[in-house]
Amino acid sequence: ARALLDPEAEPFFRERTTLFRARRDRIARSLKELGFAFQLPRASYYFWVHIPESYSSSVEFCADVLERQGLVVTPGVGYGPSGERFFRVSMTAPDTRIDEGMERLRAFMKERA
């Protein structure tokens with residue numbers, strides 16, 4: 001409670017909100033361009049993204065992305081059976097790493113086509 005009432009808290013929260021909204025929008029734009037289905041995160045630092053239909057599991061998809069592009073995305077099944085057809089993308093990395101990750105995902109999807 002003390003931290004939330006601190007006079008410096010509001011500018012900090014505003015800055016964080018602006019930062020993560022920009023990251024969310026950057027990732028969403030890339031995922032949409034690549035044809036992935038997802039919902040915008042509302043209160044989370046993570047995207048839950050549908051895996052392509054050609055994959056039988058989230059583990060298979062994520063292993064393929066890692067093998068081909070060296071990009072780590074998390075299989076949704078690791079969070080329970082409801083996550084099976086999803087992979088997770090984090091917004092917590094620095095912007096340069098996010099951009100690099102989206103480029104690797106773009107290269108992966110292009111390679112698959």
Side-chain angles (χ1 to χ4, degrees):
R2 183 174 175 188
L4 292 173
L5 296 174
D6 187 289
E8 294 179 27
E10 188 162 335
F12 173 80
F13 294 137
R14 225 174 308 132
E15 175 191 319
R16 299 273 93 184
T17 299
T18 300
L19 172 70
F20 281 100
R21 182 175 294 130
R23 286 180 180 170
R24 181 202 66 194
D25 294 348
R26 171 189 278 116
I27 293 168
R29 193 169 34 257
S30 292
L31 292 172
K32 188 174 183 178
E33 288 171 2
L34 294 171
F36 285 105
F38 62 90
Q39 289 188 341
L40 280 179
R42 289 191 264 170
S44 171
Y45 295 115
Y46 306 99
F47 278 80
W48 286 86
V49 186
H50 288 270
I51 64 171
E53 290 295 322
S54 59
Y55 286 89
S56 62
S57 74
S58 59
V59 170
E60 178 190 15
F61 174 76
C62 293
D64 202 18
V65 174
L66 179 60
E67 171 90 16
R68 294 180 186 212
Q69 288 295 323
L71 176 63
V72 175
V73 290
T74 309
V77 72
Y79 299 93
S82 297
E84 176 47 63
R85 300 295 302 166
F86 297 87
F87 67 99
R88 199 171 88 154
V89 174
S90 173
M91 292 186 274
T92 60
D95 292 346
T96 55
R97 297 291 290 170
I98 289 172
D99 291 343
E100 180 183 348
M102 291 297 102
E103 282 304 314
R104 288 183 187 204
L105 189 57
R106 184 173 285 108
F108 173 79
M109 295 301 287
K110 185 177 180 181
E111 184 181 285
R112 287 184 66 243

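Every value quoted in this text rests on a predicted model; they were computed, and no experiment measured them.
- Atom OG1 of Thr17 and atom CZ of Arg24 lie 10.5 Å apart (nearest 0.5 Å).
- Counting only residues at least two apart or in different chains, side chain to side chain donor-acceptor pair (under 3.5 Å) contacts with residues 100-113 comprise Glu33-Arg106, Ser54-Arg112, Tyr55-Arg112, Arg68-Glu111, Arg97-Glu100, Glu100-Arg104, Glu103-Arg106.
- No path of Ile, Leu, Val, Met, Phe, Trp and Tyr side chains, each step under 4.5 Å between heavy atoms, connects Val73 with Val77, placing them in separate hydrophobic clusters.
- No cation-pi contact links Arg16 to Phe13, judged by a cut-off of 6.0 Å to the six-membered ring centre and 45° from its axis.
- Phe86 and Val59 are assigned to two separate hydrophobic clusters, defined by single-linkage of ILVMFWY side chains at heavy-atom distances under 4.5 Å.
- Distance alone, capped at 3.5 Å, places no donor-acceptor pair between the Arg85 side chain and the His50 backbone.
- Between Ser90 and Ala93, the closest heavy-atom pair is OG-N, 4.5 Å.
- Arg14 contributes atom CZ, which lies 14.5 Å from atom CG of Leu19 (distance to the nearest 0.5 angstrom).
- Pro52 has its side chain within reach of Phe61: a pair of non-hydrogen atoms, C-beta onward, lies under 4.5 Å apart.
- Tested against Phe87 for a ring pair (Phe, Tyr, Trp, His ring centres under 6.0 Å), the candidates Trp48, Phe47, Tyr46, Phe36 yield a single pass: Phe36.
- The shortest side-chain heavy-atom distance between Thr74 and Tyr79 falls under the 4.5 Å cut-off.
- Between Leu71 and Leu66 the shortest side-chain heavy-atom distance does not fall below 4.5 Å.
- Atoms CG and OG, from Asp25 and Ser30 in turn, are 11.0 Å apart once rounded to the nearest 0.5 Å.
- Of the residues listed (Arg26, Arg29, Arg23), the one engaging Asp99 in a salt bridge (Lys or Arg N to Asp or Glu O under 4.0 Å) is Arg26, and it is the only one.
- When the shell of 6.0 Å around OH of Tyr45 is examined, it contains 12 or fewer heavy atoms from other residues, nucleotides or ligands.
- Scanning both residues, Cys62 and Pro75, for their nearest heavy atoms gives SG-N, 3.4 Å.
- No donor-acceptor distance shorter than 3.5 angstrom exists from the side chain of Glu67 to the backbone of Ala63, with no hydrogens or angles considered.
- With a 4.5 Å cut-off on side-chain heavy atoms, Met102 and Leu105 count as touching.
- In this structure the side chain of Asp64 reaches within 4.5 angstrom of the side chain of Phe108, judged on heavy atoms.
- Proximity of a side-chain donor or acceptor of Ser58 to a complementary backbone N or O of Glu84 within less than 3.5 Å is detected.
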